[in-house]
Amino acid sequence: MRKTIITSMMLCLSTTITWAEQVVMETKSISMVLDVVKGSQPKYVYFGAKLSAKELQNIQAPVEGRMDAYPAYGLNTPAEAAIAMRHSDGNLSTALVVEDIQRSGNTTTILLKDPVYPIAVNLKYKVYQEEDMIEAWTEITNNEKQTVTLTTFASAMLPIRRGDVWLSHFYGSWANEARLVEEPLTPGQKVIVNKDGTRNSHTDHGEVMFSLDGKGLENAGQVIGAALCYSGNYRLKVTTDDTEYHYFFAGINEDNSEYHLKKGETFITPKLALTFSQQGLSGVSRNFHKWGRKYMLAHGDKERKILLNSWEGVYFDINQKGMDQMMADIASMGGELFVMDDGWFGDKYPRKTDNSSLGDWVVDKNKLPEGIEGLLRDAKKHGIKFGIWIEPEMANTTSELYEAHPDWIVKAPKRDAVLGRGGTQVVLDLANPKVQDFVFSIVDNLMTKYPEIDYIKWDANMPILNHGSQYLTMNDQSHLYIEYHRGFEKVCQRIRAKFPDVTIQACASGGGRANWGVLPYFDEFWVSDNTDALQRIYMQWGTSYFFPAIAMASHISATPNHTVFRTTALKYRIDVAMSGRLGMEIQPKNMTDDEKELCRKAIAEYKQIRPIVQFGNIYRLVSPYDKKGLASMMYVTDAKDKAVWYWWKTESFQNEHLPRVKMAGLDPSRMYKVHELNRIDLKPLAVEGKSFSGAYLMNHGLDIPYRNEPEWSKKNDWSSRVLLLEAE
């Protein structure tokens, strides 16, 4: 970009050279513009739809707002700050001004310094051209002679012009994750925080969308999407004061986490991924899905296997014969993988319930006399792959590990440990390199001894309940949360370096680790321990805002559901599970032959649509949160030659009136042939085998019968449809 040099005379004795530059970061569809003047704070000018060269020349500077790109605390104290520190001499004020600009490949660095103190802050922006994504983060270096204490350290700040701006975010709890809430931004503060310590997406998510034209629409309107790529405690904050802007800050939650930055040390904040779309909420989702599959998610370009997990089928009742039976059953239905869940380990303390044995990762020979070797042999016999459950970050006080290393757990100094699940669970202190080595060894030992293991389910069933590290110094106890996740990432990096091909699921009491901070090391996450199909529609709807179907483990389970005890039709459970990464969470021997046959057909049909679902572009159509009696969405290939359309009723009444669903994302000029999947009706749909133009399907939609019509004895109050559309 053009750099303007400005020369001014100072008392006629010296000449000061400064410069100004318009820094433009752009993708195929969006532009981010900053004014950067040497000796001043860089300022945001624009973030939105891509600008032409002429528009950039004549762009209007924002008015009535604080546009500093990374405001520092101390010289305008009433304003919110992105960074605050206590200098080594006790001074609480910081000023950051531009020293230089550097560019390398698709990354721009704006170098800032404090004119008084030797503090350097680099603002980093990385552009993903085709995916319409810009990552922003900060690198803070202490060049003072002594330690500096960081008390606020956001990854980035983004000003958003006031108007009718709505915020979409995702609240929840165990078994009720990723519930969508939409609300207007009003004066004051909106703060979203996580304090769990180990997991961070149960009670809320580190991802938000801002709809700039009022309450968000799925496939129209201007929307900003933001996701903090971090596995630990975070804080998202929107401040709306008396100016013309909302100010969005995102970064690590600094509560009880002040960081002592030593001389010469650099603190790197998590990346904040930002995008913008003029195609509504689903447009932002499509950007995140493409970016995530290509650059973030482990093996994001490989189809996921269809699996059976043992948990809801047998819980802790693991045994060799039972595992063999479940493998045979899933193989007979066309499945490709069997995963043995909790309950397989422990010698001195066998794992029979949730109150013992974590940390003792040896096979319980009473349950599995032929060991993992026998399980791998049986899996090979049935022509499927084998996977296993572990919870490597945790221990029980009833375990050989704890007896040997009580010093390895997270515990407040001078106090008894606060115990979690089962009254005995504790968290291992991943700040400790010895603990990191141990956690790595769990995977290393399994995979080295049994390289045929194809899949690992990695669980984390406890938060950090008591603040304290037996490894960190007393002065650095505030580093616990940050160092835990640094240690966690180091372990994950070591695992992936040695075992790049194994599939690993991030389970954390269900959906506690649905975040872009962990997914570079994991292939998928367990959306929720709640597998009830109706509640899953709501949870998977919210999850889909930022995460693609390929990462969302969605399983067919038994009824009454083990969480909410609701009884839903098997077809309904299948149709919901087929909108994510299909699997089963059930005891097949308790299924009827008809139920097995229905699942067999569904698995075969899912294999046909798997590439569309796992790599396609999402279009959400009718939200379950709008309470219209149904939910509907679809996936469309990049070539627009195939699509899968989902329609689920969410309630059932006599004389009900449901909207006709208009589709999206199709080629208006092409004809699409309709074929229903998972059909149970005695008669085919009136549209079966018929062809409609993309324009007709998007402008008009199809009339769908409100009820499935199987034989009388199989009728129920749950109705759903899945349609495959193929261009002719």
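Just so it is clear, the values below take in all heavy atoms, side chains as well, and ignore hydrogens, waters and symmetry mates.
Between the side chain of S478 and the main chain of N256, no donor-acceptor pair closer than 3.5 Å is present. Checking side-chain atoms of T27 against main-chain N and O of I30 turns up a donor-acceptor pair under 3.5 Å. In this structure, R304 contributes its side chain and D523 its backbone to a donor-acceptor pair below 3.5 Å. Remark: the backbone N or O of V622 is not paired with any side-chain donor or acceptor of E218 at under 3.5 angstrom. Looking only at distances, no side-chain donor or acceptor of T650 sits under 3.5 Å from a matching main-chain atom of K627. Between the side chain of D342 and the backbone N or O of Y315 there is no donor-acceptor pair closer than 3.5 Å. Looking at T138, its side chain does come within 3.5 Å of a backbone N or O of S155 through a donor-acceptor pair. For T543 (side chain) and A178 (main-chain N/O), no donor-acceptor pair under 3.5 Å exists by modelled atom type. Panel note: side chain T275, backbone V284; no donor-acceptor pair is recorded below 3.5 Å. Of the possible polar contacts, none joining the D132 side chain to the N287 backbone as a donor-acceptor pair under 3.5 Å is found.
Taking T203 as the reference, nothing meets the side-chain hydrogen bond (donor to acceptor under 3.5 Å, both in side chains) condition, with sequence neighbours excluded. Taking the side-chain hydrogen bond (donor to acceptor under 3.5 Å, both in side chains) definition, one finds that S509 meets it with R199, N461, sequence neighbours left out. When the ring pair (Phe, Tyr, Trp, His ring centres under 6.0 Å) test is applied to Y619, no partner is found at least two apart in sequence or on another chain. Listed by chain and residue number, Y455, Q505, R581 satisfy the side-chain hydrogen bond (donor to acceptor under 3.5 Å, both in side chains) test with E524 (two or more places apart in sequence, or in another chain). Every residue two or more places apart in sequence or in another chain that forms a side-chain hydrogen bond (donor to acceptor under 3.5 Å, both in side chains) with E393 is listed here: W458, Y484, R513.
You'll find the ring centres of W516 and F547 inside the 6.0 Å limit. Side-chain rings of W541 and Y538 stay apart, their centers remaining 6.0 Å or farther from each other. Checked against the 6.0 Å centroid criterion, the rings of Y259 and F153 do not qualify as a close aromatic pair.
The stretch residues 422-432 participates, sequence neighbours left out, in these side chain to side chain donor-acceptor pair (under 3.5 Å) pairs: E391-Q425, N396-T424, D429-S469.
With a 4.5 Å cut-off on side-chain heavy atoms, D164 and D213 do not count as touching. Using a 4.5 Å heavy-atom threshold, the side chains of W389 and W311 count as separate. Side-chain contact check for T568 versus N561: every heavy-atom pair is 4.5 Å or farther apart. Taking the side chain as every heavy atom from C-beta outward, W648 and M633 approach each other to under 4.5 Å. At least one side-chain heavy atom of L281 sits under 4.5 Å from a side-chain heavy atom of E182. Contact of the E207 side chain with the Y545 side chain is not registered, since no non-hydrogen atoms from C-beta on lie closer than 4.5 Å. Between L167 and F210 the shortest side-chain heavy-atom distance falls below 4.5 Å.
Looking at E483 and R486, a side-chain N of the basic residue comes within less than 4.0 Å of a carboxylate O on the acidic one, giving a salt bridge. Look at D575 and R536 and you find no salt bridge, because none of the NZ, NE, NH1 or NH2 atoms lies under 4.0 Å from a carboxylate O. Looking at D255 and R235, a side-chain N of the basic residue comes within less than 4.0 Å of a carboxylate O on the acidic one, giving a salt bridge.
Taken to the nearest 0.5 Å, the CD1 atom of I556 stands 5.0 Å off from the CE atom of M584. With rounding to the nearest 0.5 Å, the separation of CG in L534 from CZ in R573 is 13.0 Å.
The two residues Q540 and S579 have their closest heavy-atom pair at NE2-OG, 3.5 Å. The two residues P270 and L228 have their closest heavy-atom pair at CB-CD1, 4.2 Å. Closest approach of N355 to G422, counting heavy atoms only: CB-O, 3.4 Å. Residues M157 and D68 approach most closely at CE-O, 2.8 Å, considering heavy atoms. Closest heavy-atom contact between A298 and P520: CB-O, 3.8 Å. Minimum interatomic distance between Y125 and A69 (heavy atoms only, all atoms of both residues): OH-CB, 4.1 Å.
Of the N and O atoms on the side chains of E183 and H169, at least one donor lies less than 3.5 Å from an acceptor on the other residue. Side-chain N/O atoms of E258 and T149 include no donor and acceptor closer than 3.5 Å. Side-chain contact check for Y521 and E489: at least one donor-acceptor pair (N or O, by modelled atom type) lies under 3.5 Å. No side-chain donor-acceptor contact under 3.5 Å links D532 and T563.
Checking each of N233, N515, N194 against N200 for a side-chain hydrogen bond (donor to acceptor under 3.5 Å, both in side chains) leaves exactly one that passes, namely N515.
Under the 30°/60° scheme for interplanar angles, the aromatic rings of Y245 and Y247 are found to be tilted. Classified by interplanar angle (parallel below 30°, tilted 30° to 60°, perpendicular above 60°), the ring pair H555/W526 is tilted.
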Q: For Y635 and Q614, run side-chain hydrogen bond (donor to acceptor under 3.5 Å, both in side chains): C-alpha distance rounded to whole Å, both residues' side-chain angles, the deciding distance at 0.1 Å, then the answer.
A: CA-CA 9 Å; Y635 299 105; Q614 296 189 2; over 6 Å; no
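Heavy-atom neighbours of K195 NZ from other residues, nucleotides or ligands within 6.0 Å: at or below the threshold of 12.
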